[in-house]
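Bear in mind the structure is a predicted one, so any value in this text is a computation, not a measurement. Atom set for the values below is all heavy atoms of this structure, side chains included, hydrogens, waters and symmetry mates excluded.
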Amino acid sequence: MGSFSTGPRATVRVPATSANLGPGFDSLGLALDLCDEVSAEATSGTAITVEVEGEGVGTVPSDERHLVAAAMLRTFTTLDLAAPGLKIKCRNRIPHARGLGSSSAAIVAGIMLADALAGAGMTRGEKLVLASQIEGHPDNVAPCLLGGFAIAYSTEDGAKALALDPSPRIHPWVYIPQSKGLTSVARAALPEKVAYADAVFNLSRAALLVAAVSRQPSRLFEATDDRLHQRFRASGMPESARLLNELRTAGIAAAVSGAGPTVLALTVDGAEVPEAPPGFELRRLEVADGAVQVPAVVSE
């Protein structure tokens with residue numbers, strides 16, 4: 001294995017993401033301007049320490065088990081480099097276990113930091129393949145890396161993605177609940193087989209969603225409908241399912257964000273959405289650029 005000298009330091013900013021977007025199960029995602037900022041410094045020895053500010057304080061590991069650290073170690077192995085000691089600092093704003101891509105952001109941050117410290121010059125494509133391998137699916141890591149509206153897919157050579165610029169007329173809103181949800185639990189609720197008619201329904205809506213997001217926002221309501229996953233997950237997050245139904249009954253293009261329990265609403269031309277029900281926080285966000293390396297941790 002190769003090695004590199006200690007002392008370098010890097011900082012990255014990684015955005016939250018909302019995946020699936022209704023019909024685009026495991027394939028479509030949107031980057032949102034709610035960002036974590038993570039820095040890492042190579043130190044002598046092999047000790048790894050993680051300091052957390054904001055989301056996850058007191059609940060996430062502070063050593064090599066932390067997802068950022070684990071992603072960095074995986075990247076060093078991929079680059080055939082012996083890992084140095086690491087001092088990692090996380091300033092977290094993305095809510096954890098809410099369906100807003102916090103794990104994908106940590107993975108992307110770890111890969112980018114390891115690449116920056118090593119000076120390896122990994123391409124975005126190489127980072128996407130590795131991030132998808134770690135995460136298990138590409139629909140969150142793709143928009144986190146590339147920004148905007150991402151269409152992700154898998155090939156024999158690994159994950160690939162195409163990023164599009166959404167129409168500036170579209171504005172994302174998120175209803176974030178106090179309760180948390182685990183992706184593994186949400187996935188366990190899905191059936192092994194789906195009806196042919198439901199598969200065709202989602203294929204048509206996913207194709208329509210690409211057009212709606214990029215140039216025909218008036219079709220967003222129809223395009224965000226789904227028959228493959230949301231109804232099966234409803235029993236595990238009844239409050240979110242109820243809110244989703246209320247929003248769609250009101251004609252608002254809404255979907256479960258990722259595996260939930262956050263609910264995403266997409267409005268057009270500055271339209272408002274209903275106030276958050278008890279137990280939810282409503283935030284108006286913007287579509288974000290992809291992950292970037294920054295000179296230092298940004299202060300608010």
Side-chain angles (χ1 to χ4, degrees), residues 4 6-19 29 31-43 46-79 81 83-124 126-128 130-135 138 140-147 150 258 285 288-300:
F4 54 92
T6 61
R9 184 174 185 273
T11 299
V12 297
R13 184 186 300 116
V14 287
T17 51
S18 182
L32 302 173
D33 67 337
L34 181 63
C35 299
D36 288 349
E37 291 157 0
V38 189
S39 65
E41 180 181 354
T43 63
T46 59
I48 296 175
T49 61
V50 183
E51 178 183 327
V52 176
E53 175 185 341
E55 292 285 338
V57 169
T59 62
V60 297
S62 58
D63 53 20
E64 68 277 1
R65 297 171 298 164
H66 191 283
L67 192 51
V68 171
M72 292 188 72
L73 294 176
R74 174 75 173 270
T75 306
F76 288 135
T77 298
T78 300
L79 295 172
L81 289 171
L86 294 169
K87 182 183 295 184
I88 301 169
K89 293 184 178 180
C90 304
R91 190 177 189 186
N92 296 337
R93 299 184 181 88
I94 304 171
H96 287 190
R98 303 297 207 289
L100 288 169
S102 61
S103 63
S104 292
I107 290 167
V108 169
I111 293 171
M112 291 186 64
L113 288 169
D115 175 63
L117 293 185
M122 294 175 69
T123 66
R124 289 265 173 166
E126 290 169 338
K127 293 172 185 175
L128 176 61
L130 181 55
S132 183
Q133 290 173 351
I134 298 172
E135 176 75 343
N140 279 112
V141 294
C144 185
L145 267 169
L146 304 177
L285 301 175
D289 294 329
V292 294
Q293 185 175 346
V294 296
V297 175
V298 177
S299 299
E300 290 184 335

>> Any non-hydrogen side-chain atom of Glu135 less than 4.5 Å from a side-chain atom of Ser103?
In response: yes

> Taking the side chain as C-beta and beyond, is there a heavy-atom pair between Cys144 and Val14 under 4.5 Å?
Replying inline: yes

> How far apart are the C-alpha atoms of Asp63 and Val50, what are their side-chain angles, what is the distance that settles it, and do they pass the side-chain contact (heavy atoms from CB on, under 4.5 Å) test?
Replying inline: CA-CA 6 Å; Asp63 53 20; Val50 183; 6.0 Å; no

>> Just so I know, are the side chains of Met112 and Thr75 near enough to count as touching, which here means a heavy-atom distance under 4.5 Å?
In response: no

> What closest approach, in Å, do Val108 and Ala131 show between heavy atoms, and which atom pair accounts for it?
Replying inline: CG2-CB, 4.5 Å

>> Taking the basic N atoms (NZ, or NE/NH1/NH2) and the acidic carboxylate oxygens, is any pair closer than 4.0 Å for Arg93 and Glu37?
In response: yes

>> Restricting to non-hydrogen atoms, name the atom on Ser18 and the atom on Leu32 that form the minimum distance, rounded to 0.1 Å.
In response: CB-CD1, 4.1 Å

> What's the verdict on side-chain contact (heavy atoms from CB on, under 4.5 Å) for Glu64 and Met72, showing C-alpha distance, side-chain angles and the deciding distance?
Replying inline: CA-CA 9 Å; Glu64 68 277 1; Met72 292 188 72; over 6 Å; no

> Out of Leu128, Ile107, Asn140, which one pairs with Leu145 under the side-chain contact (heavy atoms from CB on, under 4.5 Å) rule?
Replying inline: Leu128

> Can any side-chain N or O of Glu126 pair as donor or acceptor with the backbone N or O of Thr123 at less than 3.5 Å?
Replying inline: yes

>> Any heavy-atom pair between the side chains of Arg91 and Asp36 that's under 4.5 Å?
In response: no

> So, do Thr43 and Leu86 sit near enough that their side-chain heavy atoms are less than 4.5 Å apart?
Replying inline: no

> More than 12 heavy atoms of other residues, nucleotides or ligands under 6.0 Å from CZ of Arg124: is that the case?
Replying inline: yes

> Between Arg13 and Cys35, which heavy-atom pair has the shortest distance, and what is it?
Replying inline: CG-CB, 3.6 Å

> What do you reckon, is CG of Asp289 surrounded by more than 12 foreign heavy atoms closer than 6.0 Å?
Replying inline: no

> About how many Å separate CZ of Arg74 and CG of Leu79, when rounded to the nearest 0.5 Å?
Replying inline: 11.5 Å

> Where is the tightest heavy-atom contact between Ala106 and Ala71, given as atom of each residue plus distance?
Replying inline: O-CB, 4.4 Å

>> Testing the 3.5 Å rule here: is there a donor-acceptor pair between the side chains of Glu55 and Ser102?
In response: no

> What pair of heavy atoms forms the shortest contact from Leu34 to Ile94, and how long is it?
Replying inline: O-CG1, 3.4 Å

>> Quick one: does any side-chain atom of Thr59 pair with a main-chain N or O of Gly56 as donor and acceptor, under 3.5 Å?
In response: yes

>> Once rounded to the nearest 0.5 Å, what's the spacing between atom CZ of Arg65 and atom CD1 of Ile48?
In response: 11.5 Å

>> I'd like to check Val38 versus Thr11 (side-chain heavy atoms, cut-off strictly below 4.5 Å). Are they in contact?
In response: no

> Do the non-hydrogen side-chain atoms of Ser39 and Arg9 ever get within less than 4.5 Å of each other?
Replying inline: yes

>> Evaluate Thr17 against Leu100 for side-chain contact (heavy atoms from CB on, under 4.5 Å), listing each step before the verdict.
In response: CA-CA 5 Å; Thr17 51; Leu100 288 169; over 6 Å; no

>> Using the rule given for side-chain contact (heavy atoms from CB on, under 4.5 Å), can you reason through Val294 versus Val12, listing the C-alpha separation, both sets of side-chain angles and the distance that settles it, and then say yes or no?
In response: CA-CA 6 Å; Val294 296; Val12 297; over 6 Å; no

>> Does this structure show an ion pair linking Asp115 with Lys127, if we count only N-O contacts that are shorter than 4.0 Å?
In response: yes

>> How close do Phe76 and Ala118 get, counting heavy atoms only, and between which atoms?
In response: CE2-CB, 4.4 Å

>> Could you tell me if the side chain of Cys90 sits less than 4.5 Å from the side chain of His66, heavy atoms only?
In response: yes

